[in-house]
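FYI, side chains are in, hydrogens and waters are out, and symmetry mates aren't considered; it's all heavy atoms of this structure.
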Amino acid sequence: MGGTKVRRTQLYLGEPLYQFLKKEARKYGSIAAVVRRLIEEKMGMVEEYEEDPIFKLGKNPSASGLKDVSEHHDRYLYGVKK
């Protein structure tokens, strides 16, 4: 977390908010990661390049189960066939 002091925080959430975070956690790995991401977005700390699909794929390429991503990345990212 960027070399800054880290503090543990507890939140009380209603069911709709909790379900939203739980769903988003499938993309980002954890509810804590989603909360941090939402706060960073609000503070303007999220770089635009992070929204590019290629960076999302690069975070965990093996999670997709695809073995030929390096060869066929355009097809997987943009639907373009070579």
Side-chain angles (χ1 to χ4, degrees):
M1 283 171 231
T4 60
K5 185 174 183 178
V6 178
R7 295 186 182 260
R8 185 175 183 176
T9 304
Q10 183 173 352
L11 298 171
Y12 293 93
L13 302 170
E15 191 64 23
L17 295 177
Y18 176 74
Q19 290 302 321
F20 170 79
L21 290 175
K22 191 173 166 185
K23 179 181 151 209
E24 290 295 300
R26 290 185 207 122
K27 293 184 230 174
Y28 293 99
S30 69
I31 288 177
V34 175
V35 171
R36 284 190 298 269
R37 174 70 182 213
L38 291 170
I39 293 168
E40 288 170 350
E41 285 178 7
K42 187 68 175 175
M43 293 176 67
M45 296 171 59
V46 175
E47 299 290 332
E48 288 183 32
Y49 72 85
E50 291 182 9
E51 295 303 320
D52 190 309
I54 199 160
F55 287 100
K56 291 178 183 176
L57 183 65
K59 288 185 180 182
N60 192 358
S62 62
S64 68
L66 303 171
K67 305 290 184 203
D68 60 349
V69 173
S70 62
E71 295 174 38
H72 302 288
H73 51 78
D74 286 338
R75 179 175 53 182
Y76 294 121
L77 293 171
Y78 309 110
V80 176
K81 292 185 178 182
K82 281 192 170 185

Check: Between Lys27 and Glu24, is the closest basic N to carboxylate O distance under 4.0 Å?
Finding: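 Looking at Lys27 together with Glu24, the answer is yes, because their closest N to O distance falls below 4.0 Å.
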Margin query: Using a strict threshold of under 4.0 Å (side-chain N to carboxylate O), is an ion pair present between Arg36 and Glu40?
Written below: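 Judged by the 4.0 Å cut-off on N to carboxylate O distance, Glu40 and Arg36 do not form a salt bridge.
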Margin query: Rounded at 0.5 Å granularity, tell me how far CG in Leu13 sits from CD in Gln19.
Written below: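 Here the interatomic distance stands at 11.0 Å.
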Note to self: Within the structure provided, determine whether Leu21 and Leu38 are in side-chain contact (heavy-atom separation under 4.5 Å).
What the structure shows: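 Contact flag for Leu21/Leu38 side chains = yes.
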Item checked: Close side-chain approach of Tyr18 to Ile31, heavy-atom, < 4.5 Å ->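 A side-chain contact under 4.5 Å exists here.
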Check: What residue among Lys42, Arg37, Met43 forms side-chain contact (heavy atoms from CB on, under 4.5 Å) with Ile39?
Finding: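 So the option named by the test is Met43.
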